[in-house]
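Data block below; observations after.
Chain A is the first sequence line, chain B the second, and so forth, proteins listed ahead of strands; every chain is numbered from 1.
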Amino acid sequence: MLSGYRLLELAEEPGALCAKVFADLGADVLKIEPPGGSRQRDRAPFAGGEAGVDRSLHFAAYNAGKRGLTLDLEREEGREIFLDLVARADFVVDSYAPGVLASMGLDYPALSRVNPRIIHASVTPFGQQGPYRDFASTEMVTSALSGLLYMVGEPGEPPAHTNFPMSIHSAASLDAAVGMLVAHHERERSGLGQYVDASSQESAKWMTFDIALRWELDAVILRRAGAALEYGEGVRRRVHWRCADGWVAFAVFPAPSSHKSARNLGEWMREEGFETGAFGEANWEELSYFDMSEAAIHGLEDPVAKFFEAHTMEELYAGALDRSILLAPAMTARQIVESPQLEALGFWDEITDPERGGTARYPRFLRSSEVEVAVRSRSPHLGEHNFEVYANELGIPDERLRMLEDRGVV
Amino acid sequence: MSSEPNSPPLVGAAPEAALDGLKVVEFGRSLVGPVMGRFLALNGATVVKVESRRSLDVSRLSGPHGKALPGPDTGGTFANLNAGKFGVTLDLKHEEGPTQARKLMLWADVVVENLGLTTLEELGLGYEGLAALKPGIIMASGTAQGHTGPHAHHPGWAVFMFALCGVSELTGDPDAPPQYPMGLYPDLLPPRFGTIGILAALDYRRRTGRGQHLRVSQFESCAYVMAPLCLDYQVNGVVARRSGNRSSWAAPHGVYRCQGEDRWVAINVTSEEQWRSLCGAMERSEWLEDARFETLHVRKQNEDELDQRLADWTGSRSCEEVMRVLQDAGVPAGRVSDARDLSEDPQLAARGHSLRVEHPAIGPMSVESPAFRLSRSPVGVARPAPRLGEHNERVFRDFLGLSGPEFATLETAGVFE
């Protein structure tokens, strides 16, 4: 969809997914790494468990489909080459700390002088301005300051982190991509680029908009409730339940489809000869969600807990699909990779990467009736496309390129 | 942007907003569809949301209602997710309903919907039919688990999707049950992917004249960002599990209690330099001489002791003070903010995170800006979220050009219910 456009990526983790999305959409993405390589190459997991410049699976996942260059922007010659690339590019995304690119003479105003059409996005934890702009941060610290962390974990215990890669940065990376494409739409009218300033804190904080609303309109501070979901002061619904080989998510909410789901589960329990107790007798439409005693809640939950503990995740999900029960297994990466649903959707592209265990499946984010939005190639080796780009596309003579290599610029 | 010959002057959008002139019709329910519409509306597109009195957007029925009386026009969730849009009611079950809906869809550049797998097709309003009449039409559809496949019919509430997508399993302490996660990833990642698709498709249309049907789903969007873990399983046979607040490559790395009720600070020391800075900032330089804390390796071995020492220090200080002292020394540290903290957060305030809008029932309220700022193009809330059917006349008469008598006839016949 975006073939013909070129994006230059000067990004570590926070911006890498942003550029990946452009690559999947067909843009020519040049990932520009310092001569020593991106820090993402040091991120676990590694193929075979051993670190190495081409071993990181984290790097592979978020950089597949890109071309790779090395360039030392700390040197004048490196900066000149970069500006040459900017003159031939449509988008730039970076994740430097605020002020660093400016100190190298490569901030948006400088890029814009070389190419007034350039759209330049920066993805940082807190954005380019404001009292936290220079804060040192990590995913957990940004999560803390955006309100996500407070909401997860057992009451009274320390808040608990959600530990998947890019848990905070994924949203910011995608917001930056939205911002760049909004700016691109405007550029088609005005002929001018602009700067896109994305903040991970803001992206993550918007993920809890419901909590902000409760505070703003009801003056209620919602709190974490462990494996349950809190509605208001002391009003909780258990969500995660132990089953024979793992965990499933199930809850009853005040909604017709949820009431039907609860009745269907009760029926299934009865068919298998399980006690349904108060759960089986509940008149869900009339049940008050806001003033139930602990004992009443146990009366509802205990029969369900017994039923779930006697079944595997797979049995429960199969039954839920058959019987329209709102239940899902707490899946792991293995179950995602082996999901028959994702298989049926054509979710995966097979990509071969000899350094990283051969052929593996990479995911897609969008399906289109017109264009394939897909992963086109494995992630680049360090400097893999230097010659292709510097010699063939920028026309740097062999001799000069060799000199730049010797001096460690490329 | 191409304009239809009879297109009316666009109303409401700031004149220089980036998506000024873009026309969108949204058949959105709950989050995935409406949030796509929201991104476009806040950036200046004219977004018309279509509901009917027989089939409301379900978020109209949820609160919070604050001081307003509960009702479909007073809920905060709907007001937030649909700020900046026009709203019409159209009874798609009425024999004339689909005809008027089709007119509206053909007026638009983009149709956004998440009504279900086949709802629009059954009404004769599917993508193929529209594309035959207007080849440039772009439709973006959101579903729980995709349009096809053995699980496509299973509903996609975030509560369950967190589990399905692997987020739950990765949340919390390894020895405890998976904790209920926060951050509505299953609801808020797909509309981001969808909006990216819509904007890319608009560019594709500009260059080729061709539209397309885009499809996003909750399951695929979340599974997409799990790619490194999926590779770890495929290549190494390793199944990632939740690992609590600790990290294999950093120590100390945790959440520590501070002064006050349920007050905490996250501290992550990710380098030896930060370790020295931490000890300096805490005035505990003797720890630097302690063999148990000399390297990351030994700090990991003595992590319980280390965490206890940090907790002793943070416990007698406010989380704001800890954050300030450690950040001044360059150590990643952040207050664990609750909803009230966020409403007063100086960084969010400095960035103008909350756009304000006056809602007729709720009063002045916040609508969060998209998390990016464009240097030239403003974002803004052109109008509060629509009351049910608020813009029927405006849209069908001014935008679509129905005459007064035509509109009145349809209204009397119950088409706009």
Chain A contact via [X] - which portion, at a heavy-atom distance below 4.5 Å:
X: Ile362(B); value: side chain
X: Pro370(B); value: backbone
X: Val367(B); value: neither
X: Asp338(B); value: both
X: Val331(B); value: backbone
X: Ala152(B); value: both
X: Leu40(B); value: neither
X: Glu368(B); value: side chain
X: Ala333(B); value: backbone
X: Ile138(B); value: neither
X: Val225(B); value: both
X: Ala350(B); value: side chain

Taking NZ, NE, NH1 and NH2 as the nitrogens, is one of them in [X] or [Y] under 4.0 Å from a carboxylate oxygen of the other?
X: Glu202(A); Y: Arg373(B); value: yes
X: Glu220(B); Y: Arg364(A); value: no
X: Asp197(A); Y: Arg351(B); value: yes

Tell me which of these, [options], has more heavy-atom pairs under 4.5 Å with chain B than the rest.
options: Ser170(A), Pro340(A), Pro329(A); answer: Pro329(A)
options: Phe46(A), Tyr362(A), Tyr317(A), Tyr108(A); answer: Tyr317(A)
options: Gly358(A), Ala320(A), Ala183(A), Ser56(A); answer: Ala320(A)
options: Val178(A), Val248(A), Asp210(A); answer: Val178(A)
options: Ala204(A), Gly179(A), Ala160(A), Ser261(A); answer: Gly179(A)

Sidechain-backbone polar pair: [X] side chain, [Y] backbone, donor-acceptor under 3.5 Å:
X: Arg224(A); Y: Met182(B); value: no
X: Asn245(B); Y: Pro159(A); value: yes
X: Thr171(B); Y: Thr162(A); value: no

Interface moiety of [X] toward chain B, non-hydrogen atoms closer than 4.5 Å:
X: Leu174(A); value: both
X: Ala172(A); value: neither
X: Ser146(A); value: backbone
X: Val239(A); value: side chain

If you measure only the distance, is there a donor-acceptor pair under 3.5 Å linking the side chains of [X] and [Y]?
X: Glu338(A); Y: Tyr233(B); result: yes
X: Glu169(B); Y: Thr332(A); result: no
X: Tyr150(A); Y: Asp262(B); result: yes
X: Ser377(B); Y: Gln194(A); result: yes
X: His185(A); Y: Asp203(B); result: no
X: Ser168(B); Y: His240(A); result: yes

Using 0.5 Å steps for rounding, measure from the [atom1] atom of [X] to the [atom2] atom of [Y].
X: Ile211(A); Y: Ser343(B); atom1: CD1; atom2: OG; value: 13.0 Å
X: Phe209(A); Y: Leu188(B); atom1: CZ; atom2: CG; value: 6.5 Å
X: Leu192(A); Y: Arg376(B); atom1: CG; atom2: CZ; value: 5.0 Å
X: His65(B); Y: Leu217(A); atom1: NE2; atom2: CG; value: 9.5 Å
X: Leu145(A); Y: Met323(B); atom1: CG; atom2: CE; value: 5.5 Å
X: Ser141(B); Y: Arg367(A); atom1: OG; atom2: CZ; value: 10.0 Å

Taking the inter-plane angle between the rings of Phe365(A) and Phe193(B) on a 0 to 90° scale, is it parallel (under 30°), tilted (30 to 60°) or perpendicular (over 60°)?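 Plane angle under 30°, so parallel.
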For Lys205(A) and Leu342(B), run side chain to side chain contact (heavy atoms under 4.5 Å, CB included): C-alpha distance rounded to whole Å, both residues' side-chain angles, the deciding distance at 0.1 Å, then the answer. CA-CA 8 Å; Lys205(A) 190 263 175 187; Leu342(B) 291 170; 4.1 Å; yes
Quick one, Val255(B) with Met140(A), criterion side chain to side chain contact (heavy atoms under 4.5 Å, CB included). Give me CA distance, side-chain angles, the key distance, then yes/no. CA-CA 9 Å; Val255(B) 180; Met140(A) 189 194 275; 4.0 Å; yes
Decide yes or no for Tyr204(B) and Ser368(A): does some side-chain heavy atom of the first lie under 4.5 Å from some side-chain heavy atom of the second?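 Not touching, per the 4.5 Å side-chain cut-off.
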Shortest non-hydrogen contact between Ala333(A) and Leu229(B), atoms and distance: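 Residues Ala333(A) and Leu229(B), closest heavy atoms: CB-O, 3.5 Å.
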Leu57(A) to Leu231(B) - nearest heavy-atom pair and separation: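 So the two residues come closest at O-CD1, 3.6 Å.
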For a side chain to side chain contact (heavy atoms under 4.5 Å, CB included) check, start with the C-alpha distance between Phe372(B) and Ser199(A), then their side-chain angles and the critical distance, and finish with the verdict. CA-CA 7 Å; Phe372(B) 54 81; Ser199(A) 146; over 6 Å; no
Would Ser369(A) and Tyr127(B) count as a side chain to side chain contact (heavy atoms under 4.5 Å, CB included) here? Give the steps. CA-CA 10 Å; Ser369(A) 60; Tyr127(B) 170 74; 3.9 Å; yes
Please determine, among Met139(B), His213(B), His151(B), Arg215(B), the option with the most heavy-atom pairs under 4.5 Å with chain A.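 That would be His151(B).
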